[in-house]
**Student:** 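Supplied in structure tokens, the structure appears directly below.
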There are 2 protein chains.
Amino acid sequence: MARAATTADTFNAVAEPRRREILDALTQGERPVNELVTLLGLAQPHVSRHLRVLREVGAVVVRDEGRQRLYRLNPQALKPIYDWVASYQHLWEERFDLLEDVLEDLKEEH
Amino acid sequence: MARAATTADTFNAVAEPRRREILDALTQGERPVNELVTLLGLAQPHVSRHLRVLREVGAVVVRDEGRQRLYRLNPQALKPIYDWVASYQHLWEERFDLLEDVLEDLKEEH
DNA sequence: CGATTGTATACCCATATGGATATGCATTGG
DNA sequence: CCAATGCATATCCATATGGGTATACAATCG
């Protein structure tokens with residue numbers, strides 16, 4: 001089998017830098033496709049495709065407004081990623097504490 | 001251009017479920033490749049490749065111990081992901097508060 | 001030193017992109 | 001009702017996998 005489909009899960013959807021850019025742009029609020037096209041400097045079809053992937057994992061939702069389609073962020077979709085990575089947080093913090101201990105010991109030796 | 005190389009950044013490295021499994025396994029401590037092979041139920045060459053990707057983004061470090069190569073987690077490598085996703089946290093929490101408000105209003109109406 | 005064990009690499013294959021471009025559709029304006 | 005505008009899709013192409021299998025290497029053992 002080849003690489004798992006990008007649309008399969010949020011981790012993959014967000015692994016693509018352009019898609020993170022789109023999400024970042026949407027933190028400012030709802031935006032029509034064209035605005036994202038301008039912001040990202042990508043061709044419109046590409047933006048539409050990235051939006052589709054993001055929609056499929058639930059990271060964005062659409063709303064029709066006349067001729068335009070307004071995309072809005074759905075931040076909850078990112079929670080699984082947060083939960084996963086947050087479970088590692090204490091590890092790098094512990095490590096930081098360890099480093100501090102070592103520095104402390106060194107200071108005391110002098 | 002095709003999809004960005006997996007080895008390019010931590011987001012891509014971690015987008016692969018098997019690699020997350022490896023990282024999760026390494027939270028228990030240093031492990032030789034063979035142990036990961038058993039744990040994941042993957043062929044040894046695949047595990048070695050995933051480990052290589054993880055090594056290239058700095059998510060794991062290796063240490064030679066006789067014939068074995070012991071892999072250890074380097075949690076700090078995950079911090080960029082944490083930082084990115086954490087910046088969205090207040091968004092879904094706000095939303096949660098909003099929901100709570102609505103529920104509260106509904107209760108008061110009855 | 002030859003055999004065994006533990007890993008990393010090299011290839012081969014099918015598949016899933018991401019980007020480019022052309023095109024189909026729906027909504028709005030004249 | 002026809003043209004223009006805003007998007008979504010369909011194709012085509014090059015590339016990067018991930019999995020399978022064979023193989024090259026290094027270290028250890030007898």
Side-chain angles (χ1 to χ4, degrees), chain A residues 1-23 25-26 29-73, chain B residues 1-23 25-26 29-73:
Chain A
M1 217 196 292
R3 186 194 279 198
T6 270
T7 57
D9 69 298
T10 317
F11 281 93
N12 266 307
V14 156
E16 164 64 40
R18 307 303 205 156
R19 289 197 282 265
R20 287 202 300 280
E21 281 185 55
I22 290 178
L23 294 179
L26 292 181
E30 220 174 28
R31 289 182 192 281
V33 177
N34 253 346
E35 214 169 308
L36 293 171
V37 168
T38 305
L39 280 172
L40 298 193
L42 275 184
Q44 173 266 311
H46 299 153
V47 174
S48 283
R49 267 234 296 218
H50 284 314
L51 285 169
R52 179 176 182 166
V53 172
L54 291 172
R55 214 173 35 195
E56 288 178 346
V57 300
V60 300
V61 291
V62 212
R63 179 168 74 85
D64 280 33
E65 175 83 30
R67 265 187 295 211
Q68 299 189 320
R69 308 203 76 191
L70 300 177
Y71 281 84
R72 185 163 48 79
L73 185 65
Chain B
M1 217 197 290
R3 185 193 282 197
T6 270
T7 57
D9 69 298
T10 317
F11 280 93
N12 266 307
V14 155
E16 162 64 38
R18 308 302 205 156
R19 289 198 282 263
R20 286 202 299 280
E21 281 186 54
I22 291 178
L23 294 179
L26 293 181
E30 220 174 29
R31 289 181 191 284
V33 178
N34 254 346
E35 213 168 308
L36 294 171
V37 168
T38 306
L39 281 171
L40 298 193
L42 275 184
Q44 174 266 312
H46 299 152
V47 174
S48 283
R49 266 232 298 217
H50 284 314
L51 285 169
R52 179 178 181 166
V53 172
L54 290 172
R55 214 174 32 195
E56 287 177 348
V57 300
V60 301
V61 292
V62 213
R63 180 167 74 86
D64 280 32
E65 175 82 30
R67 267 188 293 212
Q68 300 189 320
R69 308 203 75 193
L70 300 176
Y71 281 83
R72 184 162 49 78
L73 185 66

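Keep in mind that the numbers below use all heavy atoms, side chains included, and drop hydrogens, waters and symmetry copies. Per chain, numbering begins at 1; letters A, B, ... match sequence-line order.
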**Student:** Let's see if you can work this out: which of D:dC7, D:dG19, C:dT7 has an atom nearest to the side-chain heavy atoms of B:Gln68?
**Tutor:**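 Closest nucleotide among those given: C:dT7.
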**Student:** Taking only N and O in the side chain of A:Tyr71, is any of them less than 4.0 Å away from OP1 or OP2 of D:dA8?
**Tutor:**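 Answer yes for this pair, as a side-chain N or O of A:Tyr71 is under 4.0 Å from OP1 or OP2.
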**Student:** Can you tell me how far the CG atom of A:Leu51 sits from the CZ atom of A:Arg19, to the nearest 0.5 Å?
**Tutor:**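 So the gap between those two atoms works out to 10.0 Å.
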**Student:** Test for a donor-acceptor pair under 3.5 Å between the base of D:dG20 and the side chain of B:His46, counting only N and O atoms.
**Tutor:**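 Under the 3.5 Å cut-off, the side chain and the base do form a donor-acceptor pair.
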**Student:** To the nearest Å, how far apart are A:Arg18 CZ and C:dT17 C1'?
**Tutor:**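 For the pair A:Arg18 CZ and C:dT17 C1', the rounded distance is 15 Å.
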**Student:** Separation of A:Arg63 atom CZ from D:dC7 atom C1', in whole Å?
**Tutor:**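 Rounding to the nearest Å, CZ of A:Arg63 and C1' of D:dC7 are 16 Å apart.
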**Student:** When you check the phosphate oxygens OP1 and OP2 of D:dA8, does a side-chain N or O of A:Arg69 lie under 4.0 Å from one of them?
**Tutor:**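 Yes, within the criterion.
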**Student:** Does D:dC25 have OP1 or OP2 under 4.0 Å away from a side-chain N or O of B:Arg67?
**Tutor:**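 Negative; the distance criterion is not met.
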**Student:** Given the structure, check if the side chain of A:Gln44 and the base of D:dA8 hold any donor-acceptor pair shorter than 3.5 Å.
**Tutor:**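 Flag set: donor-acceptor pair detected.
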**Student:** Supply the atom-to-atom distance A:Leu36 CG to A:Gln44 CD, rounded to the nearest 0.5 angstrom.
**Tutor:**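 One gets 11.0 Å once the value is rounded to the nearest 0.5 Å.
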**Student:** Determine: side-chain N/O of A:Arg52 to OP1/OP2 of D:dA8, distance under 4.0 Å, yes or no.
**Tutor:**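 Answer no for this pair, as no side-chain N or O of A:Arg52 is under 4.0 Å from OP1 or OP2.
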**Student:** For C:dG18, does the base pair up with any side-chain atom of A:Arg49 as donor and acceptor (N or O, under 3.5 Å, distance only)?
**Tutor:**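 It does, because a donor-acceptor pair links the side chain of A:Arg49 to the base of C:dG18 below 3.5 Å.
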**Student:** Specify the residue among A:His50 and B:Leu51 whose closest nucleotide of DNA chain C lies further upstream toward the 5′ end.
**Tutor:**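 By nearest-heavy-atom nucleotide position, the 5'-most residue is B:Leu51.
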**Student:** Rounded to the nearest angstrom, tell me the gap between atom CD1 in B:Ile22 and atom P in C:dT7.
**Tutor:**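 Going from B:Ile22 (CD1) to C:dT7 (P), I get 13 Å.
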**Student:** Is any side-chain nitrogen or oxygen of A:Asn34 closer than 4.0 Å to OP1 or OP2 of D:dT5?
**Tutor:**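 Result: no.
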**Student:** Write down the distance between CG (A:Leu54) and P (C:dT17), rounded to a whole number of angstrom.
**Tutor:**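 Distance, rounded to whole Å: 13 Å.
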**Student:** Counting side-chain heavy atoms from C-beta on, which of C:dA8, C:dT7, D:dC7 comes nearest to B:Pro32?
**Tutor:**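 Closest nucleotide among those given: C:dT7.
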**Student:** As an exercise, state the distance from CG of A:Leu39 to CG of A:Leu26, rounded to the nearest 0.5 Å.
**Tutor:**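 Separation between the atoms: 9.0 Å.
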**Student:** In this structure, how many angstroms lie between the P atom of C:dA8 and the CZ atom of B:Arg55, rounded?
**Tutor:**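 One finds 6 Å between P of C:dA8 and CZ of B:Arg55, rounded.
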